[in-house]
**Student:** 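The structure under discussion is supplied below as structure tokens; questions concerning it will follow.
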Amino acid sequence: MAQFSDRIEPKDFAKMPEEYRELLTRLLTIQADCEIGGPHIYVDHWTLRAPTVDDQWRVARIASEEIDHCRKFLRMLGMIGLDRSDILFRPRSKREVDAFKVDMPEWGDFAAFGFLIDKVGEYQLDEMVGSSFLPTDDVLPTILREEKGHVAYGEQQLQKMMETPDGSVAAQRAIDKWYVVGLDMFGRSESARDERYIEWGLKKRTNGQMRLDYVAEMDPKIAALGLRVPDKLAGRKYL
Ligand SMILES: [Fe+2]
Ligand SMILES: [Fe+2]
């Protein structure tokens, strides 16, 4: 597949073909929406209910980092002339991605969300590294480092839960709930839009390839925690 290899600065955006403008706008908008979607689910409930003061501080810090990620994506949208601050006030039911519509009533939900869903976020952001839209170079290194921190914290919390019988049951329940949500976040495996993203230098892998890579990385990690890898097909929306 031939791939577009120019680096586009914001000032050149208007000169780009409509397809490029549409795809870049869509990519930045969905990412901004996902970044703020997490805090909308857990800040109210978990910031002052997490099990220890260290955890409460960590929840607050994770939320602050996600708000900063959203800010950086909204800024990039601003560079191409779009004000999408409406995303900040979107009802949860209107989020772009289903993972951000789901409730988090248990602490295991917060842990599994960090471990599995932030990991999908990391995959999506990794796709943009070195993308044809130049400003992504400035923001992605910090964002990716922070996402890895969120994933590691979630994994640590699950590990801690595995130390007690009740905790183990709750950890498995949370993995069962979020694993399929994570797999679905990659979208449809066969997507015509995917190919266009790749051709325009905005992504590197297809949805299907990313999902396979994710499974290959995460299944052993789930097993290493002492947890059962859930069924890959039950309850899935996008195959
Ligand atoms: Fe983030
Ligand atoms: Fe995150």
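Heavy atoms only: backbone and side chains are in, while hydrogens, waters and symmetry mates are out. One-based numbering, in listed order, for ligands and for the atoms of each.
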**Student:** On a heavy-atom basis, which atom in F100 and which in G38 lie closest, and how many Å separate them?
**Tutor:** CD2-N, 3.4 Å

**Student:** Under 6.0 Å between ring centres, would you say that holds for Y238 and F186?
**Tutor:** no

**Student:** Is it the case that one hydrophobic cluster holds both V139 and M79, taking links as side-chain heavy atoms less than 4.5 Å apart, direct or via other members?
**Tutor:** yes

**Student:** Measuring to the Fe ion (ligand 1), does E35 have an N/O/S atom at a distance below 2.8 Å?
**Tutor:** yes

**Student:** Looking at E66, pick out the N, O or S atom nearest to the Fe ion (ligand 2) and give its name.
**Tutor:** OE2

**Student:** Among the N/O/S atoms of E147, select the one at the shortest distance from the Fe ion (ligand 2) and name it.
**Tutor:** OE1

**Student:** Tell me, which N, O or S atom in H69 is closest to the Fe ion (ligand 1)?
**Tutor:** ND1

**Student:** Working to 10°, measure the angle at the Fe ion (ligand 2) formed by atom ND1 of H150 and atom OD2 of D118.
**Tutor:** 100°

**Student:** In terms of relative ring orientation, are W200 and Y20 parallel, tilted or perpendicular, with 30° and 60° separating the classes?
**Tutor:** perpendicular

**Student:** Going from CD on E22 to CE on M16, what distance comes out if it is rounded to the nearest 0.5 angstrom?
**Tutor:** 13.0 Å

